[in-house]
J.: 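Sharing a structure with you now.
Just so it is clear, the model here is predicted, and its values are computed rather than measured. Every heavy atom of this structure was used, including side-chain atoms; hydrogens, water molecules and symmetry mates were not.
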Amino acid sequence: MAEILAENLSGKDVMGTDGAELGSLYNITMDLTSGSLEHLIIDPAETVRDSEFEYSDQGRLLVPVERVKAVKDHMIVKR
């Protein structure tokens with residue numbers, strides 16, 4: 001995947017590969033020991049009811065970064 005600056009990702013809309021809107025990117029977590037990215041933290045869209053992704057204590061979706069398929073106008077994650 002091409003290099004992308006984190007400042008360009010903040011607030012970016014996130015969609016599933018099935019075309020469903022998941023929400024907007026809130027933040028990204030990383031492992032401080034290895035430096036590897038772990039999860040996208042997504043403010044869920046109002047239309048998201050049940051999701052195969054975990055939820056944080058604050059009600060945000062936790063999507064493993066391995067599920068990111070594309071980053072253009074939207075971030076696309078595998079569903």
J.: For a quick test of reading the model, state the closest non-hydrogen atom pair linking R79 to A20 and the distance between them.
T.: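 So the two residues come closest at NH1-CB, 3.3 Å.
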J.: Return the minimal non-hydrogen interatomic distance between L62 and P64, and the atom names on each side.
T.: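 Nearest heavy atoms, L62 then P64: O-CD, 3.8 Å.
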J.: Please say yes or no: joined through hydrophobic side-chain contacts below 4.5 Å, possibly via intermediate residues, are V65 and L32 part of one cluster?
T.: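 Same cluster: V65 reaches L32 through Ile, Leu, Val, Met, Phe, Trp or Tyr contacts under 4.5 Å.
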J.: Which atom names give the shortest non-hydrogen contact between G59 and P44, and what distance separates them?
T.: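 Reported closest heavy-atom pair: O-CG, 3.5 Å.
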J.: Does any part of the side chain of L37, heavy atoms only, come nearer than 4.5 Å to the side chain of T29, both counted from C-beta?
T.: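 Answer no - side chains too far apart.
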J.: Report yes if the side chains of F53 and L22 come closer than 4.5 Å at any heavy-atom pair, otherwise no.
T.: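 The answer is yes; the side chains approach within 4.5 Å.
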J.: Would you check if the side chain of R67 reaches a backbone N or O of K78 as a donor-acceptor pair within less than 3.5 Å?
T.: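 Side chain of R67 to backbone of K78: a pair is present.
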J.: Roughly how far, to the nearest 0.5 Å, is CE of M75 from CG of L25?
T.: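 L25 CG to M75 CE: 5.5 Å, rounded to 0.5 Å.
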J.: Can you get from V68 to Y26 by hopping between Ile, Leu, Val, Met, Phe, Trp and Tyr side chains that sit under 4.5 Å apart?
T.: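 Unlinked, V68 and Y26 end up in two clusters.
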J.: Does any N or O in the side chain of S36 come within less than 3.5 Å of the main-chain N or O of D31, such that one atom is a donor and the other an acceptor?
T.: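 Side chain of S36 to backbone of D31: no pair is present.
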J.: Say whether, by atom type as modelled, one donor and one acceptor occur between the side chain of K12 and the main chain of K72 under 3.5 angstrom.
T.: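 Indeed, once roles are kept as given, a pair shorter than 3.5 Å links the two residues.
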J.: Measure the NE2-OG distance between H74 and S24 for me, rounded to the nearest 0.5 Å.
T.: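 Between atom NE2 of H74 and atom OG of S24 there are 10.5 Å.
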J.: Answer with yes or no whether the hydrophobic clustering places I28 together with V71; edges join I, L, V, M, F, W, Y residues whose side-chain heavy atoms lie under 4.5 Å apart.
T.: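 Yes; V71 is reachable from I28 via cluster members.
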J.: I'd like to know whether CD of E52 has more than 12 heavy-atom contacts from other residues, nucleotides or ligands below 6.0 angstrom.
T.: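 Result for CD/E52: enclosed.
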J.: Measuring from atom CE of M30 to atom CD of E38, what distance do you get when rounded to the nearest 0.5 angstrom?
T.: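 Between M30 CE and E38 CD, I get 8.5 Å after rounding to 0.5 Å.
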J.: Nearest 0.5 Å please: distance from the CG atom of D13 over to the CG atom of D43.
T.: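 D13 CG to D43 CG: 11.0 Å, rounded to 0.5 Å.
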J.: Look at the side-chain heavy atoms of Ile, Leu, Val, Met, Phe, Trp and Tyr, link any pair under 4.5 Å apart, and say whether Y55 and V63 land in one connected group.
T.: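 Shared cluster, yes.
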J.: Kindly compute the distance separating CD1 (I42) from CG (N27), expressed to the nearest 0.5 Å.
T.: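 Interatomic distance, I42 CD1 to N27 CG, rounded to 0.5 Å: 11.5 Å.
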J.: Tell me whether V77 shares a hydrophobic cluster with L61, the cluster being built from Ile, Leu, Val, Met, Phe, Trp, Tyr side chains joined at under 4.5 Å.
T.: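 Linked, V77 and L61 end up in one cluster.
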